[in-house]
Structure formats: C-alpha cells, structure tokens
Amino acid sequence: MVEHAMHVHGELWTVKELFVLPNEYVYWSIQIVMYPFMTGLVAGAFVLSSLYHVFGVKQLKEIARFSLVFSFALLPVAMMPLLLHLQQPLRGIHVMMTPHFTSAISAFGIVFMTYAFIVASELWFEYRRHFVVTSQSLAAKPDRSGIDNFRMLLFKTLTLGATDISPEAVEKDHKAVKRLAALGIPVACFLHGYAGFIFGSVKANALWMTPLMPVIFICSAVVSGIALCIFCYVVTMEIRKFMAKRKISRWAKDQNAPSLEELQSAEDQEIKIVSNYLLYFMIAAITLEILDLIFRGYTQVKSWDILREVIMERDFTKIFIMQYAIGNVLPFLLMVLPGRTVRRTTIATLLVMFGVFMMRWNVVIGGQAFSLSFSGFMHYHLPIVPRDWETFREGLGGALLVMATPFVLFWFLNKIFPAFLKEEEVH
Amino acid sequence: MKRRDFLKNTIVAIAGASVPLSALEFIDPQEVLAANPDIHWAFLINTHTCVGCGFCVKACKTENDIPFEANVSRTWVERYVFTKDDRRYIDSPKAALYGFTDSKVDLGEHLGFKDIEPENVGKAFFVPKLCNHCEAPACTQVCPVGATYKTDDGIVLIDRSWCIGCGYCVMACPFGARFFHPVHNVVDKCTFCYHRITKDLETACVNACPFGARKMCNIRDINDPITKIILNDRVGVLKDEFGTKPQAFYIGLATEVR
C-alpha cells in the first residue's frame with residue numbers, strides 16, 4: 001500500500017521519544033501559552049489602575065489612567081489566541097451562545113463580557129468630561145475641516161447625550177469610576193483565576209492538577225500586568241520628554257505643556273511607587289510556585305518520577321535558568337539593590353515579563369512534555385517559518401501577531417481616550 | 001350559574017385534573033428508560049489471548065473512515081516487553097495497524113528501533129486499548145459547548161457539527177483515546193461502533209479479532225455470558241485512580257499498564 005503523508009493536528013511540531021500513546025501530541029501549543037499570558041496582562045493592568053481609583057494611592061494617578069486605557073486595548077487580544085487555536089474558529093461563538101456549564105471554558109463568555117462592560121463603562125465615566133469638552137470646542141471652531149467634522153460627530157456620539165459637566169456631575173462620574181474599579185478587581189481576578197482553573201482542574205495531567213494553579217495564575221498575572229504598564233509608561237514618557245526637549249508637536253505651540261523637569265519628576269515618582277507593588281506581587285507569585293514544586297517533590301506520588309525528569313533534567317534550563325533565574329531572581333535584585341533608577345527598573349520589568357511568559361510556557365508545554373503512559377516524552381518544536389495557515393497561526397507568526405495587536409489598538413484608542421491628559425482636562 | 005359558583009367549580013376542576021395530568025408526566029416512557037435503561041454497553045478485553053496481529057486496528061480504521069496513513073487511531077494495541085536484565089520496553093508503532101511482526105521495539109523518532117534478543121525476554125504481552133466509555137467521563141464534563149455527551153445506554157459520542165476544536169476533552173481524557181480527525185478537523189474517538197451495535201451487529205474490532213480477545217456485552221443483561229465474566233471473574237480497569245469509572249474491563253491486566 002502506498003502511503004501519502006497526512007499530518008494530523010499536532011504532529012508537525014511534536015517529536016515523540018520512548019513510549020507515547022499513538023494519539024498523544026502537543027495539542028495545546030504556543031497560542032495556549034499566549035492566552036494566559038495576554039489575559040494576565042489585561043487583569044494585571046486593570047488591578048494596577050484600580051490601586052489608584054479604589055485604594056486612593058494618589059501617586060499612581062497618571063499611570064492609573066494609562067493602565068486603564070491599555071487594559072481596554074488588551075481586552076480583544078485576550079480572546080485572539082483562543083480563536084487562532086480553535087480547529088473550527090467559526091464555531092467559537094458557540095461558547096457564548098450554547099455554554100455547557102460544567103466546563104471551565106464556558107465561563108469565558110460570561111466573565112469576559114462582564115469584565116469588558118466594566119472596563120468600557122469605567123473608561124466612559126473617566127473620559128466623559130473630555131468627550132464633552134472636545135466636542136464643544138470643535139463645535140465652536142469656525143472653520144472645521146472634514147476631519148474636525150468627523151471628530152466632532154465621534155465625540156458627540158461618545159458623550160451619549162450626557163453633556164452636563166458641572167462640578168456636581170463630574171463628582172458623580174468620579175464616584176461611578178471608583179465603584180466600577182472596585183467591582184472590577186474581583187472580576188479581573190476571576191477572569192484570570194478561571195484561566196488557571198482550566199489547567200488546574202485537568203485531573204489527567206499530573207503537572208497541571210493542583211488547586212494552587214488559579215492563585216498562582218492570578219499572582220503572576222498581576223506581576224506581568226504591572227511590569228508591562230511600567231514598561232509602556234516609561235517608553236511613552238521618554239517619547240514625551242524627547243518631544244519636550246526638541247519642542248515638537250504639542251510643545252511647539254502649547255504654553256501649558258508640561259516642562260521637561262515636570263515630566264522627569266512625575267516619571268521618577270510613579271515608577272518608584274509602582275515598582276514596589278511589583279515587588280510585593282512577585283514575592284507572592286514566587287512563593288506559591290516554589291511551594292507547589294516543593295510539595296510535589298516531598299509527597300512523591302506516582303507521577304513524580306516522570307515529573308522529576310521533566311522538571312529537573314529535560315526542562316531544567318527553561319524552568320530554573322530562564323524562568324526563575326533570569327525572569328525572577330535577576331529583576332528582583334535589580335529592583336531591591338540600593339540606588340534603583342528608572343532605567344534599571346525598566347530593564348527589570350522586561351525580564352519580569354519574560355519570566356512570566358516562560359512560566360506560562362513551562363506550564364502549558366511542560367505539562368505536555370511527558371506521556372500519559374509515564375513512559376515517554378514529547379518535544380515541542382515551535383514552527384518558525386510558516387508553510388501553511390496552520391503553522392502560521394500556531395507558530396511564531398501567530399504569537400507575534402497576538403503580541404503586536406494591543407499596541408496597534410492602543411495607538412487608535414489613545415486618539416479617543418488620551419492616556420496622558422493634564423490634570424485640569426480630566427476631572 | 002353564579003359567578004362565585006363558576007369560580008369555585010373551576011378551581012375544583014383544575015385541582016382535580018392536575019392529579020391525573022401530573023401522573024401522565026410520571027409515566028413518560030422516555031424518562032423511565034433514561035432513569036433505568038435496560039442497555040448499558042461494556043467491553044471486555046482478554047490480554048492473554050491477544051497476539052498483536054493488529055486486525056482490530058485495521059478493521060476499525062476501515063469501518064470508521066480514519067485514514068490508514070494518519071498517525072492516530074480509535075483503537076490501538078500496545079506491546080510490553082520485560083527483559084531478564086530488568087528493562088521495560090513498550091511500543092505501539094502506527095497504533096499496531098500492521099501488527100507486531102518482528103522483535104524490534106520502537107523507541108520513538110530520535111532513538112529508532114531496538115532489537116531485543118528472544119532469550120533475553122522475561123515476559124511479554126499485548127494490551128489492546130480503546131475509549132473506555134467511562135461512567136463519569138472527564139471529557140464530556142470539560143466540553144465548553146456540550147458537543148461531546150453520554151447517551152442513555154452508556155456511550156460517549158461527539159457531535160461533529162458542533163465541536164469547536166478546542167482540544168480540552170483531548171487534554172482531559174486520562175487514556176489518550178481522543179485525537180483530531182485529519183479530514184473533519186474535529187475531535188474524534190471510538191464510539192464502540194454505535195452505528196453497528198444499535199443494529200445488533202458486533203463492533204468492527206470485535207468482529208475482526210481472530211482470537212476472541214475483544215468482546216462486548218450489555219452489562220445490564222445478567223444472562224449474557226460476557227456480562228457473567230465481568231461480574232464473576234477478576235477483571236480490572238485502566239487508571240481507576242481518576243475516578244472516571246471505565247467501562248472497558250481487562251482480564252490479566254498488569255500493574256505496569258497505564
């Protein structure tokens with residue numbers, strides 16, 4: 001019989017070693033690594049913005065608004081990896097329409113939509129005054145261009161007819177933002193905690209099954225979200241400082257534009273506070289992860305033999321060097337050693353994000369590195385050069401697409417919700 | 001009739017009618033059958049008589065349209081070889097589609113094949129595997145859209161028109177019974193040949209086995225000879241620690257088989 005190559009899903013990037021069951025492949029690949037990573041960033045960014053709104057950490061005023069807008073930009077990206085991963089992406093909507101409630105994934109539709117509405121309405125209350133002011137000033141402009149007309153229409157629509165910007169009305173907005181932020185924290189934690197539950201509840205997988213998984217996921221989510229916000233904040237502040245120095249864009253015409261010194265001191269102040277929060281959450285995340293590891297090693301149940309080989313030998317570099325040493329210990333030292341600067345913190349945040357990404361990788365891919373028979377191993381080879389649609393969406397290309405999208409969305413959203421408004425322009 | 005009487009009589013009539021009407025609900029035959037079905041399918045595998053010919057795999061792939069060249073299968077046969085120098089080898093090349101024809105053991109893509117001297121073999125046996133159609137299946141629990149479900153007569157099925165292809169059920173199955181169908185791009189697995197057994201036919205693999213290593217029965221029928229074996233003999237199931245209550249029973253199951 002002549003056999004033609006027919007690849008089954010997962011076969012292209014899986015290499016089997018010793019005895020692996022015939023149907024076993026690395027079915028959950030790079031996009032399922034991206035999924036908890038991106039939802040983690042969403043949840044973390046939101047928690048950071050809530051620190052200011054709910055707990056009144058005044059120093060976080062500027063970064064809080066930025067985080068909120070960025071969290072909104074990240075939202076659609078949280079479900080992108082899922083859609084790219086599905087074998088039947090057009091049926092993805094079934095999860096929302098006919099949820100089967102014994103499945104952890106079915107909660108996605110409800111939790112995700114609830115969270116999206118909370119973030120959207122919080123943004124609306126935060127920027128309502130801005131919408132009203134902008135649309136009114138555009139309406140007052142005598143010679144409007146086509147773009148001006150479009151913007152006027154857009155901002156007028158966004159006010160939803162609520163044009164009252166008296167101090168009382170703005171105060172009400174403020175209260176609404178505070179309430180929504182308070183409501184948003186548990187929902188954001190739930191959004192990510194259940195992503196951890198999706199893995200933690202798979203009893204067939206010896207590495208995933210632990211009740212600690214949702215908590216570990218929440219802590220590392222906040223860590224990665226704060227790190228990303230710090231990084232993006234620093235980058236945008238550097239751009240603004242550069243523009244202030246060269247007197248370009250807004251700084252060329254506006255007398256009230258913040259000076260270079262103002263920007264510098266604001267940046268230092270914000271980073272100092274936020275990086276402390278980053279440290280607290282890092283300690284919590286690492287503690288839980290190490291606890292899980294120690295517990296497995298100490299109890300030594302049936303699966304420990306194969307888990308030990310995966311964790312201590314085969315994936316040693318990925319877990320102990322890349323995740324713990326480069327992603328946790330190094331940034332920790334960078335931030336706690338005396339004489340911390342903005343630059344050092346920024347490098348640390350990049351390493352932290354890398355560490356959290358590696359943690360997701362080691363959980364998702366590491367959990368599929370060994371056979372259900374406990375007698376063999378599977379190696380995952382990330383498709384780099386795509387040769388068809390499948391190797392693109394479940395390869396490097398798909399992952400980069402998911403990573404780039406929030407920045408593109410942020411650029412557009414920033415035109416409507418300017419993340420950096422001066423104090424008197426917002427309430 | 002006065003209005004008061006009319007209302008009174010109406011209430012009495014409704015109250016009186018509701019009793020027999022609710023009784024109609026009680027004796028809905030479908031519900032009765034669902035609560036106490038007289039069919040519950042079970043599978044019996046005798047590892048002592050399996051010789052690893054792979055006829056069952058071939059028959060299954062043919063019957064259920066799983067391409068021969070695709071490296072997935074609804075059923076497969078594993079070979080266990082224990083050598084006298086205390087080494088253990090397990091393999092199932094191409095799910096044993098073409099049977100085990102020589103003494104070379106498949107060690108995976110990197111390591112190739114290893115020839116084992118017949119004199120060095122301590123014990124060796126074959127273990128056929130398929131979906132266990134668990135009584136408490138983990139796979140149907142985790143399906144986000146309910147595309148995989150359990151029928152009243154104990155079979156776990158997949159709705160090909162509804163599966164979104166997320167792979168959660170594949171991850172949840174402790175037995176590796178599930179895979180993605182290379183043509184339909186949805187999850188696929190053994191159905192105990194539901195299209196055959198519901199028409200009083202044997203499954204393709206039972207039908208193809210020349211040594212009677214595979215048998216099927218209705219475990220609710222205590223007069224069935226296979227049911228008698230399951231109920232009276234010492235049989236085991238795979239991975240009972242997961243609590244899924246597998247319905248495929250094994251005679252001569254070794255502890256090394258996972």
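The structure presented is a predicted model; accordingly, all values stated were derived computationally and were not measured. Convention: sequence-line order gives letters A, B, ...; per-chain numbering from 1.
- For a heavy-atom cut-off of 4.5 Å, chain A lies close to B:Arg178, B:Phe179, B:Phe180, B:Pro182, B:Val183, B:His184, B:Asn185, B:Val186 in residues 178-191 of chain B.
- For chain B, the option among A:Gly92, A:Gly10, A:Ala204 with the highest count of heavy-atom pairs below 4.5 Å is A:Ala204.
- Contacts between B:Ala177 and chain A at a heavy-atom distance below 4.5 Å involve the backbone alone (N, CA, C, O).
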Passes side chain to side chain contact (heavy atoms under 4.5 Å, CB included), B:Met171 versus A:Trp208? Steps please. CA-CA 11 Å; B:Met171 292 294 145; A:Trp208 292 347; 3.8 Å; yes

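- Scanning both residues, B:Cys143 and A:Ser103, for their nearest heavy atoms gives O-CB, 3.3 Å.
- For B:Ile90, the parts lying under 4.5 angstrom from a heavy atom of chain A are both the backbone and the side chain.
- Of the possible donor and acceptor atoms, one in the side chain of A:Thr102 sits under 3.5 Å from a partner among the backbone N and O of B:Gln141.
- At a heavy-atom cut-off of under 4.5 Å, chain B is reached by A:Gln368, A:Leu372 from residues 362-372 of chain A, listed in order of number.
- Around atom CZ of A:Phe197, no more than 12 heavy atoms belonging to other residues, nucleotides or ligands sit under 6.0 Å away.
- Distance check: B:Cys163 SG to A:Gln87 CD gives 9.0 Å after rounding to the nearest 0.5 Å.
- In this structure, B:Arg160 places its CZ atom where more than 12 heavy-atom neighbours from other residues, nucleotides or ligands lie under 6.0 Å away.
- Heavy-atom contacts from other residues, nucleotides or ligands closer than 6.0 Å to CG of B:Asp102 number more than 12.
- Atom CZ of A:Phe190 has 12 or fewer neighbouring heavy atoms from other residues, nucleotides or ligands inside a 6.0 Å radius.
- The main-chain N or O of A:Ala104 is never found under 3.5 Å from a side-chain atom of B:Tyr168 such that the two would form a donor-acceptor pair.
- Residues from residues 245-258 of chain B that place a non-hydrogen atom less than 4.5 Å from a non-hydrogen atom of chain A comprise B:Arg258, given in numerical order.
- Atom OG of residue B:Ser161 and atom NE2 of residue A:His94 lie 7.5 Å apart, to the nearest 0.5 angstrom.
- Side chains of A:Arg91 and B:Trp162 form no contact here, defined as non-hydrogen atoms less than 4.5 Å apart.
- Applying a 4.5 Å heavy-atom cutoff, the residues of residues 11-28 of chain A that approach chain B are A:Glu11, A:Thr14, A:Val15, A:Lys16, A:Glu17, A:Leu18, A:Phe19, A:Leu21, A:Pro22, A:Asn23, A:Tyr25, A:Tyr27, A:Trp28.
- When all heavy atoms of A:Val95 and B:Ile164 are compared, the closest pair comes out as CG2-CD1, 3.5 Å.
- Other residues, nucleotides and ligands contribute only 12 or fewer heavy atoms inside 6.0 Å of the CZ atom of B:Phe55.
- For B:Phe175, the part lying under 4.5 angstrom from a heavy atom of chain A is the backbone only.
- Among A:Ile198, A:Asn205, A:Val202, the residue making the largest number of heavy-atom pairs under 4.5 Å with chain B is A:Ile198.
- The part of B:Val170 that comes within reach of chain A is its side chain, from C-beta onward, which places non-hydrogen atoms under 4.5 angstrom from that chain.
- Side-chain atoms of B:Arg88 and A:Ser375, non-hydrogen and from C-beta on, do get closer than 4.5 Å to each other.
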